[in-house]
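Below you'll find the structure, written out as structure tokens, and then a few comments.
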Amino acid sequence: MNENAPFFSNKLISWYLENKRELPWRGTKDPYFIWLSEIMLQQTRVAQGMPYYFKFTETFPTVFDLAAASEAEVLKLWQGLGYYSRARNLHTTAKYIAYELNGRFPSTYKDLVALKGVGDYTASAIASICFSLPHAVVDGNVYRVLARVFGITTPINVSKGIKDFKVLAQKLLEESNPGTYNQAIMEFGARFCVPQNPECSRCIFKDECVAYNNGSVKEIPVKLKKVKVKKRFFNYLVFLSPDNTTQLIQRTQKGIWQQLYEFPLVETEKEVSLDVLKKETGFKTLVAGIQLQSVVLYKEDSVIHKLSHQHLYTRFWIVSVSEVKKNRVPISEIRDYPVPVLIQNFISEFSAFTN
DNA sequence: AAAGCGGGGCC
DNA sequence: GGCCCAGCTTT
């Protein structure tokens with residue numbers, strides 16, 4: 001046991017009890033609700049996840065309700081939250097718990113971490129909050145707080161850093177109340193020891209924080225190399241036929257937006273004119289056997305949809321046809337399909353769909 | 001060990 | 001424009 005542990009955890013927990021937010025998943029130890037909230041909050045701010053937590057708990061009050069839903073329903077409810085593999089894994093795990101475990105949630109770290117979509121962080125969170133098991137969480141907040149207070153400059157995104165921080169976090173864990181301690185350190189990182197411009201001068205750790213007393217708060221935690229952003233050029237073909245149908249295709253390939261729907265897509269190396277687009281193999285395949293009445297660019301300027309690792313330069317081409325042959329979707333039913341935000345934004349502003 | 005995976009908020 | 005967010009999975 002680290003000799004600093006009681007000092008550190010006592011201060012943290014005192015701060016937490018005075019400063020914690022009332023969040024909808026606080027005040028329950030039901031693992032279904034804690035699990036739901038933890039999956040939603042992976043790489044996601046509380047403010048962004050909150051509305052989804054309300055939607056999911058209302059629509060699926062129990063794990064059986066979630067298990068009984070279709071994947072498309074789950075994805076539709078998840079739409080806009082991003083990292084859609086979380087939703088697919090959530091659904092897979094719900095079915096496993098409901099139908100294989102008869103609704104009894106796993107209650108050990110080992111069994112929790114074996115669930116799809118549940119890694120070390122989430123298993124530790126559920127184990128500590130729901131079952132009072134002594135597993136320390138290490139999320140982005142914990143990295144930041146520990147790195148600064150203890151002056152650790154090992155990069156947080158290399159294996160040595162990941163291992164070292166986990167060991168330290170585990171030493172500092174208040175074992176008589178691991179759930180409260182874990183939430184306390186995360187809340188402290190989220191609300192006080194924030195990434196930019198923390199108010200160190202009135203911090204509870206200002207006397208002992210190594211980074212503050214070093215003047216190195218801005219440089220800590222150390223994180224290696226940022227991702228290089230790739231540019232891609234998307235041309236969506238928005239078919240319109242007289243019977244008020246269009247075409248939507250489900251993305252089943254590897255990559256972004258798996259299992260979500262989109263308009264037929266022609267990806268090109270750069271922004272293209274209509275003449276060039278018409279010569280693309282992908283375009284020819286998509287319109288094969290179809291009577292084209294007109295192809296009109298919706299807007300000249302590309303929409304630049306930014307993902308963390310890709311910038312999608314996107315244009316929508318309105319393709320009037322006499323008949324949609326494949327993957328027909330009545331315009332009135334588009335709203336039932338889970339789609340990326342990029343597509344939803346277009347649907348919401350395109351008059352032929354909104355009228 | 002490194003890459004891939006969303007969307008949004010803040011500076 | 002860059003950084004980060006209650007990370008996990010695949011390669």
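Proteins get letters first, then strands, A, B, ... in listed order; numbering begins at 1 in each.
Of the side-chain N and O atoms in A:Gln43, one or more sit less than 4.0 angstrom from OP1 or OP2 of C:dG7. Neither OP1 nor OP2 of B:dG4 sits under 4.0 Å from any side-chain N or O of A:Lys230. OP1 or OP2 of C:dC5 sits under 4.0 Å from a side-chain N or O of A:Arg144. Checking the phosphate oxygens (OP1, OP2) of C:dC5, no side-chain nitrogen or oxygen of A:Tyr143 falls inside 4.0 Å. Checking the phosphate oxygens (OP1, OP2) of B:dG4, no side-chain nitrogen or oxygen of A:Gln310 falls inside 4.0 Å. In this structure, A:His309 does not reach the B:dG4 phosphate: none of its side-chain N or O atoms is under 4.0 Å from OP1 or OP2. A close approach under 4.0 Å does occur between a side-chain nitrogen or oxygen of A:Trp257 and OP1 or OP2 of B:dG7.
At a threshold of 4.0 angstrom between heavy atoms, the contacts of A:Gly189 with the nucleic acid are absent. Contact annotation for A:Val118: backbone-only contact, meaning every heavy-atom pair under 4.0 Å involves sugar-phosphate atoms and none involves a base. As judged by a 4.0 angstrom heavy-atom cut-off over every strand, A:Gly80 is placed among residues touching the sugar-phosphate backbone only. Among the heavy atoms of the strands, none lies under 4.0 Å from A:Trp78. Heavy atoms of A:Asp120 sit under 4.0 angstrom from primed sugar atoms or phosphate atoms, though from no base atom. Counting non-hydrogen atoms under 4.0 angstrom, A:Leu81 reaches a base of the nucleic acid. Residue contacts shown for A:Leu224 are absent, as no nucleic acid heavy atom lies under 4.0 Å away.
No hydrogens or angles were tested; on distance alone, a donor-acceptor pair under 3.5 Å links the side chain of A:Arg26 to the base of C:dA6. Checked by distance alone, A:Arg86 brings no side-chain donor or acceptor within 3.5 Å of a matching partner on the base of C:dC8. Judged by distance alone, with hydrogens and angles left aside, A:Thr44 brings no side-chain donor or acceptor close enough to the base of B:dG7 to form a pair under 3.5 Å. On a pure distance criterion of 3.5 Å, no polar donor-acceptor pair joins the side chain of A:Thr122 and the base of C:dG7. The base of B:dG7 lies close enough to the side chain of A:Gln48 for a donor and an acceptor atom to sit less than 3.5 Å apart.
Between A:Ile162 atom CD1 and C:dC8 atom P the separation is 11 Å, expressed in whole Å. We find that CD1 of A:Ile304 is positioned 17 Å from C1' of B:dG6, with the value rounded to whole Å. The distance between atom OH of A:Tyr83 and atom P of B:dG8, rounded to the nearest whole Å, is 13 Å. Between the P atom of B:dC5 and the CD atom of A:Gln253 lies a distance of 10 Å, rounded to the nearest Å. Taking atom CG of residue A:Asn157 and atom P of nucleotide B:dA3, one finds them 11 Å apart after rounding to whole Å. Distance A:Lys116 NZ to C:dT9 P: 9 Å, rounded to the nearest Å. Atom C1' of nucleotide C:dC5 and atom CD of A:Glu187 are separated by 14 Å, given to the nearest angstrom. One atom, OH of A:Tyr84, and another, P of B:dG7, lie 4 Å apart when rounded to the nearest Å.
Considering only the side chain of A:Met186, C:dA6 comes nearest among B:dC11, B:dG7, C:dA6. Of all nucleotides listed (C:dA6, B:dG7, C:dT9), B:dG7 comes nearest to the side chain of A:Val341. The side chain of A:Leu307 lies closest to B:dG6 when the candidates are B:dG6, C:dA6, C:dT10. Checked against C:dT10, C:dG7, B:dG8, the side chain of A:Tyr121 finds its nearest nucleotide in C:dG7.
Comparing A:Gly255 and A:Asn197, the nucleotide of DNA chain B nearest to each residue sits closer to the 5' end for A:Gly255. Two residues, A:Arg45 and A:Val158, neighbour DNA chain B, and the one matched to the more 5' nucleotide by heavy-atom proximity is A:Val158. If A:Leu41 and A:Leu115 are placed on DNA chain C by their nearest nucleotide, the residue sitting closer to the 5' end is A:Leu41. The residue among A:Gln196 and A:Glu38 whose nearest nucleotide of DNA chain C lies closer to the 5′ end is A:Gln196.
Rounded to whole Å, the P atom of B:dC5 lies 23 Å from the corresponding atom of C:dA6. Nucleotides B:dG8 and C:dT9 have their C1' atoms positioned 23 Å apart, rounded to a whole Å.
In this structure, the side chain of A:Asn327 does not engage the main chain of A:Ile249 through any donor-acceptor pair within 3.5 Å. Judged by distance alone, the side chain of A:Arg315 and the main-chain N or O of A:Val272 form a donor-acceptor pair under 3.5 Å. Although no hydrogens or angles enter the test, the distance criterion places no donor-acceptor pair under 3.5 Å between the side chain of A:Arg148 and the main chain of A:Cys209.
Checked against the 6.0 Å centroid criterion, the rings of A:Phe316 and A:Phe350 do not qualify as a close aromatic pair.
Remark: A:Tyr109 OH is packed, more than 12 non-hydrogen atoms of other residues, nucleotides or ligands lying under 6.0 Å away.
A donor-acceptor contact under 3.5 angstrom links the side chains of A:Tyr121 and A:Glu38, judged on distance only. A side-chain donor-acceptor contact under 3.5 Å links A:Thr122 and A:Gln42.
In the hydrophobic clustering of ILVMFWY residues, with side-chain heavy atoms under 4.5 Å counting as a link, A:Phe131 and A:Trp25 come out together.
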